[in-house]
Amino acid sequence: MLHIYNTLTRQKEQFAPLDPSGVRMYVCGPTVYGSAHIGHAMSYIVFDVVRRYLEFSGYRVRHVQNFTDVDDKIIRRAHDTGEEWNQLSCRYAKEFLSDMDSLNVLRAHSYPRASEMIEQIIADVARLIALGHAYEQDGDVYFRVMSDPMYGQLSHRRIDEMNAGARVEVDERKEHPMDFALWKSSKPGEPAWDSPWGPGRPGWHIECTSMSRCALGDQIDIHGGGNDLIFPHHENEIAQSEQLTGKRPFAKYWMHNGFVQFGEGGNDTGAKMARSVGNVIPISEVVRRYGADGYRLFVLSSHYRRPLSVSDEAMNAAGTAAERLAAAAESAQPGTDTGSYTAHRAEFIAAMDDDFNTSRALAVLYELATEVNRLNARGADGAPAASLLRELGAAVGLRLEAPTSGELPAGAQELIRVREEHRSARQFAEADQLRAQLLAMGVVVEDTTQCTKWHLDR
RNA sequence: GGCGACGUGGCCAAGUGGCAAGGCAGAGGUUUGCAAAACCUUGAUCAGCGGUUCGAAUCCGCUCGUCGCCUCCA
């Protein structure tokens, strides 16, 4: 039985979807004003694993993830580059999807964009005004936090306590300093849509309320995102959504992942990674250096709610481990009976059921890999263990592809063949020389008692 | 000032009251023409101090250290 830690209640709860026929899951997507980095990758890998494991457990999942494609940063960035704001956001959204593909993150069923949701957003804002939960002020519309007695329920903060903080900028036009914008009037040159309050654009928080409701209905099962979104973004989403529909809870389980940080000894020890800080590592770089499975293994080696310290050493270790798992999974056979490994399967499920304890679950995969190698080494049948390894690996999104995949450089095939001839003639000096030559070409050759294998050096 | 997270072997990391999972690296061994891979063996009393308990990494208190949120942010 799956248990999920719910930020709302601050405890692990037994998972039961609102509607038994399927799970509705909404994950906050990126603001597409620039390239995604490995912090985004970590977050979306985490929710990819959540989704995959729910499906592995037999649930039908509907997964929706938005793109924030209208916002101050996008407008500013577009202004700087001379590009149209919608061109810029489209470009980065596309890049985001291909980055996620490269990481083997399953595509969501739908990717709504704020700019395509304007009509719905205006209707929702108008309704919030009609209900007395929002008010207009010079073309801006604000949500009235005092009208929501539950405000602060997610972040566990009280309005008066936050008020004491020195960093809340006081805007005279707001009734209360914590009131937040649902609709922003536009300045000249900014993207704008007509509304009952004049030309403007949606505030950040309302888009998720409208998109989530549009794509999944008034109430959903899982709402996810990085833990920096707890306040104010998710708090505000709850306030808007629940006041709008009169239904509670807006989301039954709130899941938040910890942040990628730089580990000890790095240039930027302990610091958070963020585009606004300017210390990001691009996704393509880690995929190239450690492989998609390697980075995923690195992410899953620690618990998703904990901060994840990146270091070359740790990611490298994960990359090496990924190669070992992939090599072991090679002896898998489709349709093999894995019945003799029920204990392994049970332990994997127990670990994952405990709020996605992937670190514990991975230990099962490593054990299976060792088992496969042990059996194969003494000529026994490693296929059942390997097949289970492949199956459970897939449940957490590991491809476990053999390292052999890829194209041999020109002439390498011939060198391998010639080397084989030397070996069978016991001309080892010549064979070793050819091996060195192949290695220089990026081809690693390994001899076994039966045959010679090769794979590309990474 | 308010809210929260964390400090486990060289590195990463699980465990949250009963002999400290797992990965990577290192060392020794088996195997191999050699190399690689693989397999076997091998290391920590859990930031510090005090307390509760038959028993604590795990509960309580204090101290030290690190980080996040309260402003855009996965």
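A quick note: this is a predicted structure, and the numbers were derived from the prediction, not measured. Side chains are part of it too, since the values below use all heavy atoms of this structure and drop only hydrogens, waters and symmetry mates. Residue numbering restarts at 1 for every chain, and letters A, B, ... go by the order of the sequence lines.
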Mind checking whether [X] and [Y] have parallel, tilted or perpendicular rings, split at 30° and 60°?
| X | Y | value |
| --- | --- | --- |
| A:Y26 | A:H223 | tilted |
| A:Y53 | A:F356 | perpendicular |
| A:Y111 | A:F67 | parallel |
| A:H37 | A:H40 | tilted |

Picking from [options], which would you name as closest to the side chain of [X]?
| X | options | answer |
| --- | --- | --- |
| A:D228 | B:rC34, B:rA14, B:rA74 | B:rA74 |
| A:N357 | B:rA74, B:rG23, B:rG15 | B:rG15 |
| A:T31 | B:rA74, B:rG68, B:rA5 | B:rA74 |

Can you say whether a donor on the side chain of [X] sits under 3.5 Å from an acceptor on the base of [N], or the other way round?
| X | N | result |
| --- | --- | --- |
| A:R435 | B:rA35 | yes |
| A:R423 | B:rG33 | yes |
| A:N227 | B:rG4 | no |
| A:S359 | B:rA21 | yes |

Paired nucleotide for [N] [Watson-Crick or G-U wobble; both distances under 3.5 Å]:
| N | answer |
| --- | --- |
| B:rU52 | none |
| B:rG65 | B:rC6 |
| B:rG1 | B:rC70 |

How do A:R10 and A:Y44 order along RNA chain B: which one's closest nucleotide is nearer the 5' end?
->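 So the residue in question is A:R10.
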Most 5' of A:L308 and A:H37 on RNA chain B, judged by nearest nucleotide |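 Here A:L308 is the residue nearer the 5' end.
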Considering just the side-chain nitrogens and oxygens of A:R306, establish if one lies under 4.0 Å of OP1 or OP2 belonging to B:rG7.
->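 For B:rG7, OP1/OP2 do have a side-chain N/O of A:R306 under 4.0 Å.
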Taking only residues two or more places apart in sequence, or in another chain, which ones meet A:R144 in a salt bridge (Lys or Arg N to Asp or Glu O under 4.0 Å)?
->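 With sequence neighbours excluded, A:R144 shows a salt bridge (Lys or Arg N to Asp or Glu O under 4.0 Å) to A:E175, given in chain and number order.
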Salt bridge between A:E95 and A:R91, side-chain N to carboxylate O under 4.0 Å?
->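 Result for this pair is no, no salt bridge flagged.
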By the 4.0 Å heavy-atom rule, please label [X] as base, sugar-phosphate, or nothing.
| X | result |
| --- | --- |
| A:M315 | nothing |
| A:L297 | nothing |
| A:R275 | sugar-phosphate |

Stretch residues 369-382 of chain A: residues that reach within less than 4.0 Å of RNA chain B through a heavy atom |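 Heavy-atom cutoff 4.0 Å gives A:T370, A:N373, A:R374.
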How far does the P atom of B:rA57 sit from the matching atom of B:rG18, given to the nearest Å?
->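 It comes out at 11 Å once rounded to the nearest Å.
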Distance-only polar pair, side chains of A:R173 and A:Y142, donor-acceptor under 3.5 Å |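 Checked: A:R173/A:Y142 side chains pair up, N/O donor to acceptor below 3.5 Å.
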